Amino acid sequence: MSNDRADISGPVRVRFAPSPTGFLHVGGVRTAMFSWLTARHYGGQFILRIEDTDQKRYVEGAEEDLKASLRWAGIEWDEGPDVGGPHAPYRQSERLPLYNQYAHQLVEMGCAYKSWSSAEELDVERKAAAANHQPPPLRDRWRIATPEQIAAAEAEGKPYTIRLKMPEEGSTSFYDFVKNETITFENSRVDDTVLLKSDGYPTYHLAVVIDDNAMGITHVMRAEEWIASTPKHIRLYECLGWPLPMFAHVPNILRPDGRGKLSKRDGDVKTNEFWEKGYLPEAMFNFLVLQGWSYDEKTELMSQAEIVERFSLTRIQPSPARWDINKLNWMNGHYINHILTVDDLTRRALPFMHKAGLLTEVEALPGDDEYLYFQAIIALLKDRIKVLSEVPDLTGYFFVDHLKYDRALLLGKDKNAISVAQAS
RNA sequence: GGCGCAUUCGUCUAGAGGCCCAGGACGCAUCCCUUUCAAGGAUGAGAUCGGGGGUUCGAAUCCCCCAUGCGCUACCA
């Protein structure tokens, strides 16, 4: 039986397109990782695009946090808001005229229509439907407005939205690389989603299609909650006569109790908290890639370079994983104790000592006596460090009252000065 | 309510018709090492592969139904 999963061939351009509405959580990092890995493994480009089309939810500083989180995790981009590129700008709020132009073009083509329905009245309709256990209306009444009604509304000059006009007939299908199957939707079940809001900003649906096309995105990778809106996007590609990209919907990471996808309200999910606590980016990368992807039946510990080489889009699991940091803690300790060199570990632990006031930056420069003292302590205690933030507590008693032992005495009982020197 | 996706040890996973009365890892337990705590080593418990029907000589793997979970159903992404 032919059950071979299609794999990628040809050029590859993948993007990660977060919206700056808060800190980046680990689930977002993982989606970015899969996209980045796809670009790197298949020899393509990775693009970062900021989808800041919701003025109400915009959070100051979120873009910086998100870029810092990505970079910490070892994910860099070839094109993006700060590094530039041939398709700049990479921030959607700076591309507004483009969306506006296409939205109106779609209206002229008969693929979309203007609506003067207010958000309030639509809300009333939806609530009434819900109260009757009926599905909310898929179409807006302006879809079937007469030319006279439209002319009258235009003359009034009131704000309007532009909505997609989904066909009533037929169905839309697409192959999904991760699900490894063709997913089909009846067009009559897909709603006439808003493309352009009354404030002139595009919705995700319009902006994502226009930008993915403009930026030459070949593989649309995103979280799986977008599966249901993919037929809308495909409709847009068809109306505009643009070539369809391939789709790959990555499963979500669920909350620890399995109830719902990870959200920013959950604890232990902020990426920046992980580096503040002293998790290593290598361990985080390794752990995160294993949440939904595997190389084979045994290999788990892999460097980023090995993962890039071994990655395959078709080995991403279609089912969601629960967020559980148990194994991350083990892996972090393993990297600290067995993969990092003592010197590397020492350097990384130093900032935590500075923060705790146990060593100042000037008195513990690499190579200094104070540094070597600390390094000897690290060599002695590294096998019990799980996260770097524990280091001050673990080593504090070596610094009480500026007490300083002779470095030569800081030896494990089964060790001698030579073995310690060699280990560092 | 409608539509879509998912379902293998507590958790992450291997598995693409016979290699599987299901393998690995984390966690857990016991033992070894050890003055202690870790780390390390060894052993073990732990999944009738969500349930039920098919197809087949043979199914965790293919098909159907059901259940459950998740997602979407916003002028949020």
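Chain A is the first sequence line, chain B the second, and so forth, proteins listed ahead of strands; every chain is numbered from 1. Just so you know, these numbers come straight off a predicted model, no measurement behind them.
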A:Lys327 side chain N/O closer than 4.0 Å to the phosphate oxygens (OP1, OP2) of B:U13?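 Checking B:U13 against A:Lys327, no side-chain N or O comes under 4.0 Å of OP1 or OP2.
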Taking atom [atom1] in both [N] and [M], compute the distance separating them and give it to the nearest angstrom.
{"N": "B:U56", "M": "B:A42", "atom1": "C1'", "answer": "43 Å"}
{"N": "B:G4", "M": "B:U48", "atom1": "C1'", "answer": "31 Å"}
{"N": "B:U68", "M": "B:C31", "atom1": "C1'", "answer": "41 Å"}
{"N": "B:G40", "M": "B:A25", "atom1": "P", "answer": "13 Å"}
{"N": "B:G50", "M": "B:U13", "atom1": "P", "answer": "15 Å"}
{"N": "B:U8", "M": "B:U61", "atom1": "P", "answer": "13 Å"}
{"N": "B:C9", "M": "B:G24", "atom1": "C1'", "answer": "12 Å"}

Among the nucleotides B:A39, B:U13, B:G71, which one has an atom lying closest to any side-chain atom of A:Ala321?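 The answer is B:U13.
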Can you check whether [X] reaches [Y] side chain to side chain, under 4.5 Å on heavy atoms?
{"X": "A:Gln92", "Y": "A:Pro202", "result": "no"}
{"X": "A:His41", "Y": "A:Ser312", "result": "no"}
{"X": "A:Ile253", "Y": "A:Arg322", "result": "no"}

Please report, rounded to the nearest Å, how far the [atom2] atom of [N] is from the [atom1] atom of [X].
{"X": "A:Lys179", "N": "B:G71", "atom1": "NZ", "atom2": "P", "answer": "13 Å"}
{"X": "A:Arg384", "N": "B:U36", "atom1": "CZ", "atom2": "C1'", "answer": "9 Å"}
{"X": "A:Glu390", "N": "B:A39", "atom1": "CD", "atom2": "P", "answer": "11 Å"}
{"X": "A:Asn329", "N": "B:G27", "atom1": "CG", "atom2": "P", "answer": "9 Å"}
{"X": "A:Leu288", "N": "B:C26", "atom1": "CG", "atom2": "C1'", "answer": "16 Å"}
{"X": "A:Arg139", "N": "B:C3", "atom1": "CZ", "atom2": "P", "answer": "15 Å"}
{"X": "A:Asn332", "N": "B:A39", "atom1": "CG", "atom2": "C1'", "answer": "15 Å"}
{"X": "A:Glu181", "N": "B:U7", "atom1": "CD", "atom2": "C1'", "answer": "14 Å"}

Give one of base, sugar-phosphate or nothing for A:Phe287, where a contact means two heavy atoms less than 4.0 Å apart.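 Counting heavy atoms under 4.0 Å across all strands, no contact is made by A:Phe287.
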Could you check whether A:His249 gets within reach of a base, just the sugar-phosphate, or nothing at all, counting any heavy atom under 4.0 Å?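 Result for A:His249 = nothing.
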Check whether NZ of the Lys or CZ of the Arg A:Arg310 lies under 6.0 Å from the centre of the six-membered ring of A:Tyr295 and within 45 degrees of that ring's axis.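 Positive - A:Arg310 is close enough to the ring of A:Tyr295 and near enough to its axis.
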For A:Trp293 and for A:Glu300, find the nucleotide of RNA chain B with the closest heavy atom, then tell me which residue's nucleotide is more 5'.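 Nearer the 5' end of the strand: A:Trp293.
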Want to settle it: does A:Trp323 or A:Asp383 sit nearer the 5' end of RNA chain B, counting the closest nucleotide to each?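 Its nearest nucleotide being more 5', the pick is A:Trp323.
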Using modelled atom types and a 3.5 Å cut-off, is there a donor and acceptor pairing between side-chain atoms of A:Asn132 and backbone atoms of A:Gln134?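 No; zero donor-acceptor contacts below 3.5 Å.
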State whether [X] and [Y] are salt-bridged, where the test is any N-O pair (Lys NZ or Arg NE/NH1/NH2 against Asp/Glu carboxylate O) under 4.0 Å.
{"X": "A:Lys270", "Y": "A:Glu276", "value": "no"}
{"X": "A:Glu224", "Y": "A:Lys261", "value": "no"}
{"X": "A:Arg139", "Y": "A:Glu168", "value": "yes"}
{"X": "A:Asp54", "Y": "A:Arg57", "value": "yes"}

Quick one: look up who [N] pairs with, Watson-Crick or G-U, both distances under 3.5 Å, and put none if it's unpaired.
{"N": "B:A29", "result": "B:U43"}
{"N": "B:U7", "result": "B:A67"}
{"N": "B:C21", "result": "none"}
{"N": "B:C62", "result": "B:G54"}
{"N": "B:U36", "result": "none"}

N/O contacts under 3.5 Å, protein versus nucleotides 63-69 of chain B?
none

In terms of the angle between their ring planes, are A:Phe174 and A:Phe185 parallel, tilted or perpendicular, with boundaries placed at 30° and 60°?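 A:Phe174 vs A:Phe185 ring planes: parallel.
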For the pair A:Trp242 and A:Tyr102, name the ring-plane relationship: parallel under 30°, tilted 30 to 60°, perpendicular over 60°.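 Because their plane-to-plane angle is over 60°, the rings of A:Trp242 and A:Tyr102 count as perpendicular.
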Which atom pairs link the protein and nucleotides 72-77 of chain B when you take only N or O atoms and keep those under 3.5 Å?
{"from": "B:C75", "atom 1": "OP1", "to": "A:Arg126", "atom 2": "NH2", "distance (Å)": "3.3"}
{"from": "B:C75", "atom 1": "OP2", "to": "A:Arg163", "atom 2": "NH2", "distance (Å)": "3.4"}
{"from": "B:C75", "atom 1": "O2", "to": "A:Ser198", "atom 2": "N", "distance (Å)": "2.8"}
{"from": "B:C75", "atom 1": "O2", "to": "A:Ser198", "atom 2": "OG", "distance (Å)": "2.7"}
{"from": "B:C75", "atom 1": "N3", "to": "A:Ser198", "atom 2": "OG", "distance (Å)": "3.0"}
{"from": "B:C75", "atom 1": "N4", "to": "A:Ser117", "atom 2": "O", "distance (Å)": "3.0"}
{"from": "B:C75", "atom 1": "N4", "to": "A:Ala119", "atom 2": "N", "distance (Å)": "3.3"}
{"from": "B:C76", "atom 1": "OP1", "to": "A:Lys56", "atom 2": "NZ", "distance (Å)": "3.3"}
{"from": "B:C76", "atom 1": "OP2", "to": "A:Lys197", "atom 2": "NZ", "distance (Å)": "2.8"}
{"from": "B:C76", "atom 1": "O2'", "to": "A:Asp54", "atom 2": "OD2", "distance (Å)": "2.7"}
{"from": "B:C76", "atom 1": "O2'", "to": "A:Arg57", "atom 2": "NE", "distance (Å)": "3.0"}
{"from": "B:C76", "atom 1": "O2'", "to": "A:Arg57", "atom 2": "NH2", "distance (Å)": "3.1"}
{"from": "B:C76", "atom 1": "O2", "to": "A:Arg57", "atom 2": "NH1", "distance (Å)": "3.3"}
{"from": "B:C76", "atom 1": "O2", "to": "A:Arg57", "atom 2": "NH2", "distance (Å)": "3.3"}
{"from": "B:A77", "atom 1": "OP1", "to": "A:Thr53", "atom 2": "OG1", "distance (Å)": "2.8"}
{"from": "B:A77", "atom 1": "OP1", "to": "A:Lys197", "atom 2": "NZ", "distance (Å)": "2.7"}
{"from": "B:A77", "atom 1": "OP2", "to": "A:Tyr204", "atom 2": "N", "distance (Å)": "3.3"}
{"from": "B:A77", "atom 1": "O4'", "to": "A:Arg57", "atom 2": "NH2", "distance (Å)": "3.3"}
{"from": "B:A77", "atom 1": "O2'", "to": "A:Ser19", "atom 2": "OG", "distance (Å)": "3.0"}

Should the side chain of A:Gln134 and the base of B:G2 be counted as holding a donor-acceptor pair, with the cut-off at 3.5 Å?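 Absent.
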By the definition ring-ring contact (aromatic ring centres under 6.0 Å, His included), identify the one residue from A:Tyr160, A:Tyr113, A:Trp116 that meets it with A:Trp142.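 Between A:Trp142 and the candidates, ring-ring contact (aromatic ring centres under 6.0 Å, His included) is satisfied uniquely by A:Trp116.
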Please say which of A:Trp72, A:Phe274, A:Trp330 ends up in a ring-ring contact (aromatic ring centres under 6.0 Å, His included) with A:Tyr279.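 Of the listed residues A:Trp72, A:Phe274, A:Trp330, the ring-ring contact (aromatic ring centres under 6.0 Å, His included) partner of A:Tyr279 is A:Phe274.
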Residue that, paired with A:Tyr99, satisfies side-chain hydrogen bond (donor to acceptor under 3.5 Å, both in side chains) out of A:Thr53, A:Thr203, A:Asp211: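 With A:Tyr99 as partner, A:Thr53, A:Thr203, A:Asp211 yield a single side-chain hydrogen bond (donor to acceptor under 3.5 Å, both in side chains), made by A:Asp211.
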Could you run down the sub-3.5 Å N/O contacts of the protein with nucleotides 20-23 of chain B?
{"from": "B:G23", "atom 1": "N2", "to": "A:Glu297", "atom 2": "O", "distance (Å)": "3.2"}

